[in-house]
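In what follows, every heavy atom counts, from backbone to side chain, and hydrogens, waters and symmetry copies are set aside. Read the numbers this way: they start at 1 and go in the same order the structure lists the ligands and their atoms.
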Amino acid sequence: MRMIFLGPPGVGKGTHAQEAGEHYGIPKISTGDILREEIKNDSELGKKAQEYMNAGGLVPDDLIIETLKSRISRDDCIEGFILDGFPRTLEQAEALESISEIELVVNFNLSYGGIMQRLGGRLTCRKCEAIYHVKNNPPKREGLCDLCSSELYVREDQKPEVIETRLKTYERETKPLIDYYRKKNLLVDFNAEGEVKDVSERLIKLIDKNLNQ
Ligand code: AP5
């Protein structure tokens, strides 16, 4: 089961990739999470990526394609995976074709207001990258991750001016992938409006229907 979750920043890809991954027993692979981990570790990749990420731009294709290739080759991906945040450019999509065969692309849709509301209240775990929201999906203990008890923080790229740049980057670089995958007959549209539980249930039904589970 090899899937891509596509959509603008803040639409809920990470949250629902985590839930769907647990449901199907396959890993969620978030290139954003991988890059944030590299930044935390002060690696060469992290140093190169940080500037692009904080400005709301994209990390260069060659760096991210190599990163993804190495992640997908790990044993936990044998039964499949959910890609969250990859591919983001046509070059990445074309490179992915020679790395792995994709069975389904879910295109998440949400209003601009919905995106801003979700990104405005997001909290992320410093250690395990679990995602929360101050109102929509609060942690059980304020400021602490339910899963690993580490501190929650507000991502650098959540500043309003950076969100605007990220949305423009999405429109310019990533939105063309909708047509790319639609032409390949791999894409299904998904209305991501609604509460986490409701959206997750509808998402699983949609995936089951399209992958004939
Ligand atoms: P990345 O981390 O991938 O960020 P993104 O794609 O911009 O998406 P977000 O993580 O902001 O949002 P999301 O859709 O996952 O929503 P979430 O689940 O968090 O990338 C960050 C940066 O890394 C990029 O800008 C780029 O620089 C770089 N990068 C990464 N991949 C790259 C690539 N392939 N190529 C080049 N550069 C790359 O949800 C948002 C909030 O809403 C949360 O608070 C959540 O609790 C809440 N929420 C979620 N679902 C619901 C719901 N159903 N109801 C109510 N609230 C909800």
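Near H16, meaning under 4.0 Å from one of its heavy atoms, ligand 1 places the atoms 50 (N), 51 (C), 52 (C), 53 (N).
For L58, heavy-atom contacts with ligand 1 shorter than 4.0 Å involve the backbone as well as the side chain. With a 4.0 Å cut-off on non-hydrogen atoms, T15 touches ligand 1 through its backbone as well as its side chain. Residue contacts with ligand 1, taken as heavy atom pairs separated by less than 4.0 Å, involve E195 solely via the backbone atoms N, CA, C and O. The proximity of Y132 to ligand 1, defined as any non-hydrogen pair under 4.0 Å, is limited to the backbone. Only the side chain of N136 comes within 4.0 Å of ligand 1, counting heavy atoms alone; its backbone N, CA, C and O stay farther away.
The shortest N or O to N or O distance between P9 and ligand 1 is not below 3.5 Å. Ligand 1 has no N or O atom lying under 3.5 Å from any N or O atom of D33, backbone or side chain. In terms of polar-atom proximity, defined here as any N/O pair under 3.5 Å, R36 does make such a contact with ligand 1. Of the polar atoms of L35, none of the N or O atoms is found under 3.5 Å from an N or O of ligand 1, judged by distance alone. For a threshold of 3.5 Å applied to N or O pairs, the pair formed by G10 and ligand 1 contains at least one separation below that value. Checking only distances, G121 never comes within under 3.5 Å of ligand 1, N or O to N or O. Residue G57 has at least one N or O atom closer than 3.5 Å to an N or O atom of ligand 1. Geometrically, ligand 1 and L119 share no nitrogen or oxygen pair separated by less than 3.5 Å. Ligand 1 has a nitrogen or oxygen under 3.5 angstrom from a nitrogen or oxygen of V59.
With values rounded to the nearest 0.5 angstrom, I82 atom CD1 is found 8.0 Å from M1 atom CE.
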